[in-house]
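Keep in mind it's a predicted model, so treat the numbers as computed, not measured. If you read the sequence from its start, that first residue is 1, and numbering goes on from there. Note that these values count all heavy atoms, side chains included, but never hydrogens, waters or copies made by symmetry.
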Amino acid sequence: MSLQRKGSRTMAERIKLEVGGLTKLREMNPMLMSYNVEFAEVTGGTFWKAYTPEQVAGTETFYVEPTKEGIEAMYRDLMQVYAPINLYDEKLRKLAKELGQVWVRVSGTWATKTYYDFDGTTNGVVPEGYLNVLTKEQWIGVLDFVKEIGAKLIVSVANCPGLHSAEEPWTPKEAEKLFRLSTEYGVPIDAAEFTNEPNMMEETGFPKGYTPAHYRRDHDLFFKWLKTNYPECICVGPSTTGGDNISFGKGNPDAAAGGIEQLAMNTCDCADLLEGTTQPLDVFSYHYYNGVSERLASVMPHAHWDAKEANSEAYLETAINFARTYAPLRDKYVEGAQMWVTESGDAGGGGDTWASTYLDVLRTLNELAGFSTITDGVIFHNTLASSDYGFLAREVFDPRPNYFAVLLWNRLMGTTVYDTQEPIRYGAHVYAHSRKDGKDGLVYLVINNSLEETTTVELPKEAEVYMLAGENNNMRASVMTLNGMPLVLGENNELPEMHPVKVSTSVEIAKGSCAFIVL
């Protein structure tokens, strides 16, 4: 696929698909589409308050007035306390299993500051220097969930003032609890990052006075310990976000983006974290968000995108630019490795008001497909069932449009990626993979991000078409349609039928619609 991009325009696009003769780019990890279950979900704790239905629909403005008391004061209005997620819920497990084999990442900022109380000695009291407590029952719930859905598990571990000071070396006394229990229970941890977003230093939970030099020391201690004691576990890192000349939001170099940690300005780069370390990584990882959500927009306006921009070329290119920026860093520090995006979503701060609507499907599918044209790896969507960017609504676990979009991706798109020779342009984002069913032929993904014109696709033969759109042609609809039929659960939480329509000569892709075309 050509990576040339044309500017936005309103002329209708016309595409001619081919069924053969395309150049193969690479084979992708079959678990490309994976997701996070936040540590804060597992233990219970504070997380982002949900938007109102009117804010999700775009009929009510969301705004938080900045205060001289600082961001911590704003958090009081932006956060609420949630009970732990019920990973034994039959509906949750069923919908997760339908996505196929995936990686489940249990991490986040809370993981850096969690004490593992597996013998029940704290009686729920958080030890000094930690933020929260994980019980044995809660972790077994994670292991049972991972086993039930046939997933692989990746974690990060504690590295906070409760464990050690900045001048004291990191110790594995907490990590050993987590890895030993998982192994003894029969669900070993398959991969590990040392810490979540380490380039934020103290802001991500590290001991006071912690520096990149301290991190490099502890990076080597952790991964040496890991390879010595759990040699089958994949070493992943550095799990960074920001720095490295990344332009966040709309390109303001001083604007930060990502999780709430991104409000810190004292970030460091990959070189600061990895240069001179002696313990090699198996996989290079980073985090990506397009910017910050409306919750944080008032204090970081240049890092926030408006809903009217969510179909634009600049917005959709953000994820691809992240991959292009980090690929050479991967080549430098973990040569020949896969590249994993261990947190990904539309906006840090729990997602934008439209994250749970059809409008975000364009970004999600474009990220999966565009990333595949650049490198092999895995993308961990944040999250499975927490906050507005979750695939599933919190607690009730109703699937949102993004859930059905990635469900179709995993059912239809094979692992072989091809160059379509179509330049990415407004109204015509065209990608091609092999067929997931193993049959000869191709599956095209065509995204018409134009909200002004229909895109015409000429077919070389009869095709099966899966056309996605917002219900009632509403880009901010909470329900997505497939070939005009609403995608909602039926009785007993049964998934709707997701059948294609057969088309012989050409397909008209309506404004703002996405189509999987199986040839």
Closest non-hydrogen atom pair between T46 and A40, with its separation: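 Smallest interatomic distance, heavy atoms only, reads O-CB, 4.4 Å.
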
Are the ring centres of [X] and [Y] closer than 6.0 Å?
X	Y	answer
F380	Y35	no
Y418	H433	no
F516	Y466	no
F47	Y82	no

E174 with K177: basic N within carboxylate O range, under 4.0 Å: yes

K91/D89 salt bridge by N-O under 4.0 Å criterion: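 The answer is no: the pair does not qualify as a salt bridge.
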
Point-to-point distance, once rounded to the nearest 0.5 Å, from [atom1] of [X] to [atom2] of [Y]:
X	Y	atom1	atom2	answer
L22	T416	CG	OG1	12.0 Å
Y289	F322	OH	CZ	10.5 Å
S478	Y358	OG	OH	14.0 Å
Y326	T240	OH	OG1	4.5 Å
N132	T43	CG	OG1	4.5 Å
D360	T364	CG	OG1	4.0 Å

What I want to check is whether the side chains of [X] and [Y] have a donor and an acceptor closer together than 3.5 Å.
X	Y	value
S386	R394	yes
S239	H287	yes
Q101	N410	no
R105	N196	yes
Y403	D398	no
T455	E13	no
S344	E367	yes
H304	E309	no
R26	S372	no
T415	E27	yes
E452	Y426	yes

D352 vs Y389, side chain to side chain donor-acceptor pair (under 3.5 Å): CA-CA, chis, key distance, verdict: CA-CA 8 Å; D352 284 305; Y389 43 30; over 6 Å; no

Between [Y] and [X], is there a side-chain heavy-atom distance shorter than 4.5 Å?
X	Y	result
P500	V465	no
R363	L316	yes
V133	T114	no
N36	V104	no
I517	V446	yes
Y286	T342	no
M485	E497	no
L131	V126	no

Quick one: does [X]'s side chain have a donor or acceptor within less than 3.5 Å of a partner on [Y]'s backbone?
X	Y	result
D282	I234	no
N492	E494	no
N448	A510	yes
R476	L359	no

side-chain contact (heavy atoms from CB on, under 4.5 Å) between H381 and V406, intermediate numbers included: CA-CA 10 Å; H381 179 84; V406 299; over 6 Å; no

Residue pair N366, Y431: steps toward the side chain to side chain donor-acceptor pair (under 3.5 Å) verdict: CA-CA 9 Å; N366 192 73; Y431 306 97; 2.7 Å; yes

Stepwise side-chain contact (heavy atoms from CB on, under 4.5 Å) test for V518 and Y444: CA-CA 6 Å; V518 183; Y444 281 89; over 6 Å; no

Assess whether atom [atom1] of [X] is packed by more than 12 heavy atoms of other residues, nucleotides or ligands within 6.0 Å.
X	atom1	value
E232	CD	no
D440	CG	no
N493	CG	yes
K136	NZ	no
E98	CD	yes

Steps toward salt bridge (charged side-chain N to carboxylate O under 4.0 Å, His left out) verdict (K308, D306): CA-CA 5 Å; K308 294 178 181 179; D306 188 89; 5.5 Å; no

Evaluation steps, salt bridge (charged side-chain N to carboxylate O under 4.0 Å, His left out), between E148 and K97: CA-CA 8 Å; E148 172 66 20; K97 190 180 293 186; 2.7 Å; yes

K94 to F397, cation-pi by 6.0 Å centre distance and 45° axis angle: no

side-chain contact (heavy atoms from CB on, under 4.5 Å) between D144 and L87, worked out: CA-CA 8 Å; D144 283 341; L87 293 173; over 6 Å; no

Mutual orientation of the aromatic rings belonging to F179 and Y230 [parallel < 30°, tilted 30-60°, perpendicular > 60°]: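 F179 vs Y230 ring planes: tilted.
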
Qualifying residue, where the test is side-chain hydrogen bond (donor to acceptor under 3.5 Å, both in side chains) with S285 and the options are Q338, E343, E193: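 Only one of Q338, E343, E193 forms a side-chain hydrogen bond (donor to acceptor under 3.5 Å, both in side chains) with S285, namely E193.
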
Derivation of the side chain to side chain donor-acceptor pair (under 3.5 Å) call for N449 and E313: CA-CA 8 Å; N449 59 315; E313 290 299 285; 2.7 Å; yes

Test applied, side-chain contact (heavy atoms from CB on, under 4.5 Å); reference residue, D388; option that passes from Q55, K49, E294, R295: R295

Pairing residues for Y51 by the ring-ring contact (aromatic ring centres under 6.0 Å, His included) criterion, not counting sequence neighbours: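 Partners of Y51 by the ring-ring contact (aromatic ring centres under 6.0 Å, His included) criterion, ordered by chain and then number, come out as F62.
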
Trace of the side-chain contact (heavy atoms from CB on, under 4.5 Å) decision for L296 with W48: CA-CA 11 Å; L296 304 177; W48 304 102; 4.2 Å; yes

